[in-house]
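One structure below.
Order of appearance sets the numbers: ligands from 1, and atoms from 1 within every ligand. Hydrogens, waters and symmetry mates play no part in the numbers below; they use all other heavy atoms, side chains included.
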Amino acid sequence: MAKEKRSRQTAANADKHLLYQKSVQCPEAEVAFFNKVFRKKRGRKPMSMREDFCGTAFLSTEWCTSHPERTAVGIDLDEPTLDWGRQNVLSKVGTDVSARVSLHRADVLEGLGPNVDITCAMNFSYFIFKQRQQLIEYFKVARRGLKEDGLFFCELYGGTEAIVDLKEKREFKGFDYVWHQSKFNPITRETLCHIHFEFPDGSRLKKAFTYDWRLWTIPEVRECMAEAGFSRTEVWWEDIENDGKYHETGSEENQEGWLVYVIAER
Ligand SMILES: C[S@@+](CC[C@H](N)C(=O)[O-])C[C@H]1O[C@@H](n2cnc3c(N)ncnc32)[C@H](O)[C@@H]1O
């Protein structure tokens with residue numbers, strides 16, 4: 001009993017990066033999806049990946065774990081977050097894997113690293129670019145960093161509830177995750193969102209993560225990709241009612257909340 005009490009998670013002893021990994025990220029599914037789409041479109045296995053806005057490099061590490069010859073380049077502006085990834089993610093997988101993940105503290109606009117099969121920008125990170133010209137510039141850089149048959153993957157969310165103030169709670173083992181949309185400006189489509197974590201003892205990690213974004217629409221993103229030079233774009237819609245898998249589509253009914261991948265061919 002006493003032992004259980006001691007090991008209980010509270011706001012004071014929790015690690016926000018670990019909670020984020022448990023509640024938001026699912027790198028195995030992402031790697032499987034990238035692999036499936038790339039093989040279908042290109043008839044070969046993708047081997048190299050650039051993870052823009054890589055955070056703790058959880059996905060890059062899973063990418064290199066998934067195949068003994070896969071390589072990944074992770075780019076993020078925040079050194080403490082990269083360090084957390086080095087100490088808590090890369091250090092756990094052995095040097096045969098970690099030697100194939102190279103992390104750089106840099107702006108994604110620098111386009112660091114060799115040309116790759118796949119570049120990805122996960123969890124809406126590119127929404128930090130609020131002006132059309134900035135977004136096009138980012139897509140140009142992402143496109144230039146791809147091999148000739150390379151693909152760019154990014155996620156986008158929307159739906160009738162994406163533009164309202166709300167708090168949405170999901171329960172996990174030992175903590176609750178709260179997605180908080182606190183502001184939406186319909187004139188600019190700027191949105192301010194937070195992730196909070198709550199614990200069984202009533203303590204909270206408020207604003208563990210804050211996102212100051214422009215909520216881009218699917219056609220805007222596709223148009224910017226086309227202007228950046230991508231030859232073709234596709235939308236892959238998450239089938240929430242069924243198995244959570246994604247399918248390529250051109251028309252869907254709107255929902256309260258939806259999530260898509262926009263996939264662009266160099
Ligand atoms: C929403 S988190 C994404 C973390 C992780 N990739 C994921 O999928 O959950 C956004 C990350 O982007 C980084 N970031 C923000 N602006 C950036 C920029 N211009 N260049 C590189 N990284 C940036 C932040 O430091 C943060 O770690």
Side-chain angles (χ1 to χ4, degrees), residues 15-34 49-64 72-90 101-113 116 118-131 133-145 152-157 162 170 172 177-182 190-197 205 207-216 221 224 228 238 246 259-263:
D15 183 325
K16 68 173 190 172
H17 292 298
L18 204 56
L19 299 175
Y20 180 88
Q21 288 187 343
K22 287 182 178 166
S23 52
V24 177
Q25 296 184 286
C26 190
E28 297 89 350
E30 282 152 7
V31 169
F33 180 69
F34 293 173
M49 183 183 80
R50 174 183 295 96
E51 184 185 9
D52 279 345
F53 311 98
C54 69
T56 62
F58 198 24
L59 175 59
S60 291
T61 306
E62 176 58 31
W63 177 259
C64 292
V73 176
I75 313 282
D76 201 284
L77 265 185
D78 194 53
E79 191 70 48
T81 304
L82 289 169
D83 268 342
W84 192 96
R86 289 183 186 106
Q87 283 158 24
N88 297 278
V89 184
L90 282 170
V101 180
S102 61
L103 297 185
H104 301 275
R105 197 211 77 88
D107 193 315
V108 293
L109 292 172
E110 288 177 41
L112 275 186
V116 289
I118 288 176
T119 292
C120 62
M122 304 302 290
N123 282 310
F124 328 112
S125 308
Y126 65 100
F127 285 2
I128 56 151
F129 299 119
K130 294 183 178 175
Q131 302 302 319
Q133 279 317 315
Q134 290 176 323
L135 188 62
I136 292 171
E137 182 54 31
Y138 168 59
F139 287 156
K140 279 185 181 167
V141 172
R143 181 175 172 275
R144 270 202 300 272
F152 175 72
F153 288 70
C154 65
E155 287 172 301
L156 198 148
Y157 73 91
R170 280 194 287 133
F172 289 86
Y177 159 98
V178 182
W179 174 248
H180 180 191
Q181 292 166 193
S182 76
E190 284 176 286
T191 184
L192 189 69
C193 302
H194 311 284
I195 293 175
H196 314 295
F197 296 110
L205 263 188
K207 300 186 184 174
F209 297 94
T210 289
Y211 305 109
D212 182 1
W213 285 336
R214 169 167 169 179
L215 183 56
W216 291 92
V221 164
C224 289
E238 187 189 23
Y246 291 80
L259 183 68
V260 297
Y261 274 104
V262 182
I263 301 174

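Counting heavy atoms from C-beta outward, L90 and L103 have side chains that approach closer than 4.5 Å. Proximity of T119 to M49: side-chain heavy atoms (C-beta onward) are nowhere separated by under 4.5 Å.
Taken to the nearest 0.5 Å, the CG atom of L59 stands 5.0 Å off from the CD atom of E30. Rounding to the nearest 0.5 Å gives a distance of 9.5 Å between NZ of K130 and CD of Q134.
Each of the following atoms of ligand 1 lies closer than 4.0 Å to a heavy atom of I128: 16 (N), 19 (N). In summary, the atoms of ligand 1 found under 4.0 Å from a heavy atom of Y211, numbered by their order in the structure, are 1 (C). When each atom of ligand 1 is checked for a heavy atom of D78 under 4.0 Å away, the hits are 25 (O). Distances below 4.0 Å separate heavy atoms of G55 from the following atoms of ligand 1: 27 (O). When each atom of ligand 1 is checked for a heavy atom of C54 under 4.0 Å away, the hits are 6 (N).
Look at Y20 and you'll find a heavy atom under 4.0 Å from some atom of ligand 1. Residue contacts with ligand 1: A121 is excluded, as none of its non-hydrogen atoms falls under 4.0 Å. Heavy-atom separations between F209 and ligand 1 are all 4.0 Å or longer.
The backbone N or O of T210 lies less than 3.5 Å from no partner atom in the side chain of H194, so there is not a single donor-acceptor pair.
Taking each of A57, S125, C26 in turn, the one with a heavy atom nearest to atom 2 (S) of ligand 1 proves to be S125.
Contacts of L109 with ligand 1, taken as heavy-atom pairs under 4.0 Å, are absent altogether.
An N or O contact shorter than 3.5 Å links N123 to ligand 1 by distance. Residue V108 places at least one N or O, backbone or side chain, under 3.5 Å from an N or O of ligand 1.
Within the cation-pi definition used here (under 6.0 Å to the ring centroid, within 45° of the axis), K16 qualifies as a partner of F209.
Of all non-hydrogen atoms in L135 and Y126, the two that sit nearest each other are CD1-CD1, 3.7 Å.
Ranking protein heavy atoms by distance to atom 6 (N) of ligand 1, first place goes to F53 O, 2.5 Å.
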